[in-house]
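Read the structure below first, then the notes.
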Amino acid sequence: MVRGINLSLLLATWFSVDCNPGPIDDIAVDRYFIPKRCIREVKSGDFVRYHYNGTFTDGKLFDSSYDRGTAFFGQVGQKWQIAGVDKGILGMCVNERRKITVPPHLAYGSQGAGDKVQPDTTLVFDLVLLDIFNRADQVQTKVISTPKECKRSVMRTDFVRFHFNGTLLDGTVFDSSHKRSQTQDSVVGEGWLIKGLDEGLLGMCVGEIRHFIIPPFLAFGEKGYGTEIPPHASLVYHILLEDLHNPKDDIIVEVVEAPEPCTRKSVAGDYIRYHYNASFLNGMTFDSSYQHNQTYNTYIGMGYMISGIDKGLQGVCTGERRRIILPPHLAYGQQGAGKDIPGSAVLVFDIHVIDFHNVKDPVHVEITHRPEVCNETSEVNDFIEYHYNCSLLDGTLLFTSRDYDTPQDVVLGGGKIIDGLDEALRNVCVGERRTVIVPPHLGHGEKGAGIVPGSAVLRFELELVSLQKGVPEGYLFIWLEESPVQLFEALDSNQDQQVPLEEFSQFIKQQVLEGKGRLKPSQDPDSVIRDMFKNQDRNTDGLITPDELKLKVDEDKTRHEEL
C-alpha cells in the first residue's frame, strides 16, 4: 500500500511465508458507508482509484494517500496491492467507504515492511473508492431526453455547440459550461475533443440531453488534465446539445404556408416587407419584428441583409409563411452579433411575407364585375362617386367608404387621391367592380400616411357608383355641339345689347338641360356660372357687352377660365 515500498518484493516475500500451524484469520470488512446508487461493483481485473488511511489496530497512522495528495491507482487481482486489500475491495462501489482489517499473512507477513510495518502486524485500511474502470469499457451513454422531432443528428465533421456539466466518477465537479454562460464549441470527429466525447456526441439531436461515462483511456488517460482532472480518471458528462451545422451546409427553406394563387414571386431587386420570429435551433427566441410592432423592410438580393436571409427571401409569394434555417457562415459567422447571438450559431427565421414590390411595378387591375351595358366610361376630369375597401395585402382593413353615409367622390386627374387609385378609376363603367393592387411608389410611398405603413402595397376593392363627365382642365363649361354662330345674340334674349347675370345664367342652364353643353362637375352650378360670368364681365360692371364676350378658344392660351 505504501507507494514508497517496493510492492513487488514485498508480495514475493509474502507468498514465501510459511503457514502458521494455528487457525488463519481472514480479512474483516466493515462497509460503514454504502451509497444509494451503485453503477457497478469492483471485480477482479478492474482498475481502481481510491484514497486510504492505513493504521495499526491501535489507530496509529502508518501511511495515507491523503498526505501525499495522490490517490492510489492499480488493477485488482494483479498484485498491485497487498492481498488483503486486493480481496477486501471486491464488490465495492464508487463513493463507498470501507474499513478492511487485514491479518499479517494477507499483509506484509513475518517480514513486515521496512521501518513502517513490523513483522506479523495486523493492518487496518480505511478506504473511499473514487473510480473504477476496465480496459473492456466503452463510453456508457444514457439518453435523458430527446426532442419530438429530429430532422438531423450529429455526424463526423459537424460543428456543435453544447452545454455540459463535467464531474469525476465520485461526483467532484471539474468543469461546467453553464457557470461560464458560454457553450463549448467544437468540430466532432476531428480530434478537437477527447475520444469519448467525439464518440458520444454522434447521433445527438439539438435539444437532446445525454449522460456519458467515459473511461480514462478515452478521456485524459494517465496524465490527467491540469489540477482538476487527476490521472486515470473516469469522466461523467451531462450534455445538452444546443446547435449543430456543417461548414458545407446551405440554407434550409421550409414552406409552411403557400397562398393560392401566387401571381408573382419575389426576385432580386424587389423591396419586401415581412414579419419574423428569430430563434436558435433550441427554440429560444432572440428577436421578433412583432415585438417591435413593425415589419422589417428592405431590398432583397442586393446585400442589405445577412446572405442567408437575402437568399431565402427570393422566390416567395405575398402572404407566404416559410422557415429559413441559416448556418453560421450564411448568418453572423464565428463572431456572432452583440450579446444576443453567439458565435457560430445556427439561426432560424420564421417569416411571414406581408408584401413586396418593384419600383417598375405598375398598378394591377382585375375586373371582377362589368355591366352588360356600358355607354360611357370614366376619364380624366370626370367627377365620379365610388365605394372602396382599402387593405394591406395581409388582409388588414385600413379604410372603407361603407363607414360613411355617402360614397367617396373625386374629380379624376385632380391630384386629390393617390396616383395608383386615380389611374385604376379610369375607363370604368358605372356599376363596375375592380380589385386593384397599388405599389407604394404609386400609393403613399416609403413614409406611409396615418395608419398606412411606409412602403406598403395596398389592395383596393372598388365599385363605381356614379359618373359625371367632366370638362378639360381650366374650363368651366364646354359645348357638346357647335356653339351658336351669333352667341351674344343668343345670350341677349331681350336684345338690349347687354347681358346681366340672370340672363346669362338662364341661357347656360338651358344649354345644359338640352344636352348642348356641360358645366364643370362636382361644384354648385350657380357658383360655376357666376365664375363664368365674372370672367366675361371684364369691366366688372355687372353686365356683359358684345365687345367683352369671347370664347375660350379665342382667349390667350395661358388663361384657364372661360366659356
Side-chain angles (χ1 to χ4, degrees), residues 263 362-391 399-438 442-443 458-485 487 490-491 504-532 551-553 560-563:
T263 56
V363 173
H364 177 75
V365 175
E366 178 187 357
I367 298 174
T368 57
H369 173 73
R370 193 176 183 96
E372 294 182 4
V373 178
C374 181
N375 295 322
E376 58 183 6
T377 60
S378 57
E379 58 187 349
V380 173
N381 296 317
D382 287 351
F383 176 76
I384 63 169
E385 291 183 311
Y386 62 98
H387 275 302
Y388 70 90
N389 293 322
C390 175
S391 61
F399 310 103
T400 176
S401 61
R402 307 288 179 179
D403 288 341
Y404 305 97
D405 295 333
T406 59
Q408 181 75 24
D409 59 61
V410 72
V411 175
L412 291 177
K416 299 299 183 181
I417 55 177
I418 57 175
D419 292 345
L421 183 57
D422 196 289
E423 178 184 332
L425 285 167
R426 300 177 191 180
N427 196 33
V428 185
C429 302
V430 173
E432 183 175 328
R433 293 191 291 272
R434 293 182 169 189
T435 297
V436 177
I437 305 299
V438 179
L442 297 174
L458 300 179
R459 174 190 176 95
F460 286 90
E461 294 171 334
L462 303 173
E463 179 182 2
L464 189 61
V465 176
S466 68
L467 165 64
Q468 296 180 43
K469 299 303 293 181
V471 298
E473 185 177 357
Y475 284 75
L476 298 174
F477 173 89
I478 61 171
W479 291 100
L480 301 178
E481 298 179 356
E482 290 294 329
S483 62
V485 177
L487 180 58
L491 285 166
F504 183 86
S505 179
Q506 288 176 351
F507 174 81
I508 296 299
K509 288 181 178 179
Q510 187 64 33
Q511 307 312 303
V512 172
L513 182 63
E514 295 176 3
K516 296 178 180 179
R518 182 164 65 230
L519 285 169
K520 183 177 182 179
S522 78
Q523 297 183 23
D524 176 50
D526 289 330
S527 297
V528 175
I529 293 172
R530 279 196 298 272
D531 288 341
M532 292 174 63
L551 292 174
K552 181 168 178 56
V553 294
H560 295 291
E561 320 279 357
E562 199 29 327
L563 191 65

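These numbers come from the heavy atoms of this one structure, side chains and all, not from hydrogens, waters or symmetry mates.
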Minimum side-chain heavy-atom gap [X]-[Y] below 4.5 Å:
{"X": "Thr435", "Y": "Arg459", "answer": "yes"}
{"X": "Val471", "Y": "Asn381", "answer": "no"}
{"X": "His387", "Y": "Leu462", "answer": "no"}
{"X": "Phe507", "Y": "Leu487", "answer": "yes"}
{"X": "Val430", "Y": "Val465", "answer": "no"}
{"X": "Ile529", "Y": "Leu519", "answer": "yes"}
{"X": "Phe477", "Y": "Gln511", "answer": "yes"}
{"X": "Gln408", "Y": "Tyr388", "answer": "yes"}

When you check the gap from the basic side-chain N to the acidic O, do [X] and [Y] get nearer than 4.0 Å?
{"X": "Arg426", "Y": "Asp422", "result": "yes"}
{"X": "Glu481", "Y": "Lys516", "result": "no"}
{"X": "Glu463", "Y": "Arg434", "result": "no"}

Hey, does the side chain of [X] reach the backbone of [Y] with a donor-acceptor pair shorter than 3.5 angstrom?
{"X": "Ser378", "Y": "Val428", "result": "yes"}
{"X": "Asp382", "Y": "Glu379", "result": "yes"}
{"X": "Arg518", "Y": "Gly470", "result": "yes"}
{"X": "Lys469", "Y": "Thr377", "result": "yes"}
{"X": "Ser522", "Y": "Val411", "result": "no"}

Going through the distances and angles, do Leu425 and Phe460 end up as a side chain to side chain contact (heavy atoms under 4.5 Å, CB included)?
CA-CA 11 Å; Leu425 285 167; Phe460 286 90; over 6 Å; no
Would you give the length of the straight line joining atom [atom1] of [X] to atom [atom2] of [Y], rounded to the nearest 0.5 angstrom?
{"X": "Glu385", "Y": "Leu464", "atom1": "CD", "atom2": "CG", "answer": "9.0 Å"}
{"X": "Phe383", "Y": "Ser466", "atom1": "CZ", "atom2": "OG", "answer": "6.5 Å"}
{"X": "Arg433", "Y": "Glu366", "atom1": "CZ", "atom2": "CD", "answer": "12.5 Å"}
{"X": "Leu442", "Y": "Ile437", "atom1": "CG", "atom2": "CD1", "answer": "12.5 Å"}
{"X": "Leu458", "Y": "Ile418", "atom1": "CG", "atom2": "CD1", "answer": "5.5 Å"}

Test log, rule side chain to side chain contact (heavy atoms under 4.5 Å, CB included), inputs Val363 and Val436:
CA-CA 7 Å; Val363 173; Val436 177; 3.4 Å; yes
Does Gln506 have any side-chain contact (heavy atoms from CB on, under 4.5 Å) partners at least two apart in sequence or in another chain, and if so, which?
Glu502
State whether the number of non-hydrogen atoms from other residues, nucleotides or ligands found under 6.0 Å of Asp405 atom CG is greater than 12.
no
Does a sphere of radius 6.0 Å around CD in Glu482 hold more than 12 heavy atoms from other residues, nucleotides or ligands, not counting ones at 6.0 Å or beyond?
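No, because the 6.0 Å sphere around CD of Glu482 holds 12 heavy atoms or fewer from other groups.
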Which atom of Gly515 lies closest to which atom of Leu480, heavy atoms considered
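Looks like O-CD1, 3.5 Å.
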Just do the side chain to side chain contact (heavy atoms under 4.5 Å, CB included) check on Ile508 and Met532 with the steps written out, would you?
CA-CA 10 Å; Ile508 296 299; Met532 292 174 63; 4.0 Å; yes
What residue pairs, at least two apart or across chains, pass salt bridge (charged side-chain N to carboxylate O under 4.0 Å, His left out) with a residue in residues 407-419?
none
What residues form a disulfide bond (SG atoms under 2.5 Å apart) with Cys429, not counting sequence neighbours?
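Applying disulfide bond (SG atoms under 2.5 Å apart) to Cys429 gives Cys374.
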